[in-house]
Amino acid sequence: MTTTGEEDARARGGPWWWARWRGAALDVGLAVASALECAFEGVRFARDAGIPVAAGVVFGVLAGSALLVRRQWPIAVVLVSIAITPAQMGYLMGIVGLYTLAASELPRRIIGSLAGMSLVGMLIVMFVRVRQDMDKGSWDLGDWFVPFAAITTAIGMTAPPLLLGLYVGARRRLMESLRERADSLERELQLLAERAEERAEWARNEERTRIAREMHDVVAHRVSLMVVHAAALQAVARKDPEKAVRNAALVGDMGRQALTELREMLGVLRSGGAGRGERSVPLVAVGVAAAVAASKAADEGEGPCLEELEELVGQSAAAGMVVDLSVEGDVRSYAAEVEQTAYRVVQEALTNVHKHAAGAKTYVRLAHRVSEIAMQVENEPPPEVGSASSARLPSGGNGLVGMKERVTALGGVFVSGPTDAGGFRVSAVIPAA
């Protein structure tokens, strides 16, 4: 099982330059073995050189102990092994030093130079030693054996540790690269998770806004008309019973239409968790289900369209509003989303007139252009100051915001504001495509 870079860094805690305690114990053991080897070989060196044996032993112990710093200074260890090669000692140091040098992060030219020096030194020393042994008569072989033995021994002492060190170093670098990659992927996954959470939060907020806008469009207009008709019914109930009956019938029809549309909307929201055995449906799932159902309804033409605009204006006229509808250009059909948005803009603008300017004359203009459709709803000032509040219609202040969101979502332009005459104007332009 591999570990990431952070876990590998936490595992490091050895003394001095060692990353781990087991590495320190290994180097200490190798240094002791090298010191014992060099001390044993220092006895023969002292006898051949004519110096005290104790001096040779001390020299061997000090030289062999250099293996203790092989991880920190591998070049120094290899140089010491090359230096004591003529004394015919430090074979273990030379092998371990070359391995450590090849496995290090040093440039290849330095590794190759020191390995070549070690090979040449070992070759010369072995050539001289084999020649001396043959001159002493220890071996009775031909002259070919001297270079053969020297070359074979030099290559055997140099090539295997060098190749093994190069392999281990390459594998170590590969593992470090994989750890860095794993750390990078872990950070990227964490960042993606944070972004996904942000997107989910954004989606939840968007769905809350969209669902609130849909509920507002479905209910607010018809309920506003019902309140206006109810106020009129209260005013004429005793004076004109026939008109009161007509207003009551209108209130009933509008109430049923409002309930039907509300039931359809709630059915869409409920379908988001149906069939899954969930007791509570996440808002994102509700939003997705509502969006899918809205898209399906738009494709099937189930939503309001511009053909129903006259009926919408007639409902406002029946509630006592003086409405003038004018259509310019060649009448044609548009995408379902465009027609629904245009219808909702006019609907919400008329609702605002009922709320804030009851009794004011209103002009609804619809213009079919080459590549766009434009609509404008403008009302004159109300005839009486107190008439706007006679029906006591509440206002949440979200109607204009919802209209602007709908229009801008389709790439259109929405403008609203008071007129110089004291009325109010709502204008929108929506691309036909």
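If you're wondering where the values come from, they're calculated on a predicted model, not measured in any experiment.
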Using side-chain heavy atoms (C-beta onward) and a distance below 4.5 Å, is [X] in contact with [Y]?
X    : Y    : value
V429 : F414 : no
Y91  : T85  : no
V61  : C38  : no
R344 : P304 : yes
V407 : V413 : no
F40  : M89  : no
T419 : F424 : no

Strictly by modelled atom types, are R187 and Q190 linked by a side-chain donor-acceptor pair under 3.5 Å?
no
Pair listing, salt bridge (charged side-chain N to carboxylate O under 4.0 Å, His left out) test, anchored in residues 423-433, at least two apart:
E378-R425
Mind jotting down which residue pairs meet the salt bridge (charged side-chain N to carboxylate O under 4.0 Å, His left out) criterion with at least one end in residues 91-106? Sequence neighbours excluded, please.
E105-R173
Identify all side-chain donor-acceptor contacts of residues 147-165 below 3.5 Å with residues at least two apart in sequence or on another chain.
unit_1, atom_1, unit_2, atom_2, d
T152, OG1, F148, O, 2.7
T153, OG1, A149, O, 2.7
T158, OG1, A154, O, 2.8

Considering all heavy atoms of both residues, which atom of [X] and which atom of [Y] are nearest to each other, and what is their separation?
X    : Y    : answer
N352 : M403 : ND2-CE, 4.0 Å
E37  : M93  : OE1-N, 4.4 Å
G90  : S81  : O-CB, 4.4 Å
I430 : A342 : CD1-N, 4.1 Å
V77  : G97  : CG1-CA, 4.0 Å
M321 : L350 : CE-O, 3.8 Å

Take V426 and M375 through the side-chain contact (heavy atoms from CB on, under 4.5 Å) test and state the conclusion after the steps.
CA-CA 8 Å; V426 172; M375 66 227 64; over 6 Å; no
Donor-acceptor contact below 3.5 Å, side chain S34 vs main chain L30
no
Donor-acceptor check, side chain of T408 to backbone of K404, threshold 3.5 angstrom: yes or no?
yes
Result block: side-chain N/O donor-acceptor pairs under 3.5 angstrom for residues 115-125, not counting sequence neighbours:
none

Please round to the nearest 0.5 Å and tell me the distance separating atom [atom1] of [X] and atom [atom2] of [Y].
X    : Y    : atom1 : atom2 : result
L306 : L312 : CG    : CG    : 11.0 Å
L92  : L67  : CG    : CG    : 6.0 Å
Q340 : R406 : CD    : CZ    : 7.5 Å
S316 : H354 : OG    : NE2   : 3.5 Å
Q347 : T341 : CD    : OG1   : 12.0 Å
E176 : R181 : CD    : CZ    : 14.5 Å

Which residues pass the salt bridge (charged side-chain N to carboxylate O under 4.0 Å, His left out) test with [X], not counting sequence neighbours?
X    : answer
E307 : none
E405 : R213
R369 : E372

Which residues pass the ring-ring contact (aromatic ring centres under 6.0 Å, His included) test with Y334, sequence neighbours left out?
H368
side-chain contact (heavy atoms from CB on, under 4.5 Å) filter on L191, not counting sequence neighbours, yields E194, R195
List in chain and number order the residues that pass side-chain contact (heavy atoms from CB on, under 4.5 Å) with V32, two or more places apart in sequence or in another chain; answer none if no residue qualifies.
V28, L36
May I have the step-by-step check of side-chain contact (heavy atoms from CB on, under 4.5 Å) for S333 and E339, ending in yes or no?
CA-CA 8 Å; S333 60; E339 294 205 10; 3.9 Å; yes
Report, as yes or no, whether the 6.0 Å neighbourhood of atom CD on E201 holds more than 12 heavy atoms from other residues, nucleotides or ligands.
yes
Can you tell whether the side chains of R204 and E198 come within less than 4.0 Å, N to carboxylate O?
no
May I have all residue pairs that pass side-chain hydrogen bond (donor to acceptor under 3.5 Å, both in side chains) and include part of residues 66-78, sequence neighbours excluded?
D27-R70, D27-R71, R70-T100
Side-chain donor-acceptor contacts of residues 359-367 below 3.5 Å, not counting sequence neighbours, with atom names and distances?
unit_1, atom_1, unit_2, atom_2, d
T362, OG1, A360, O, 3.3
Y363, OH, E380, OE2, 2.8
R365, NH1, Q376, OE1, 3.0

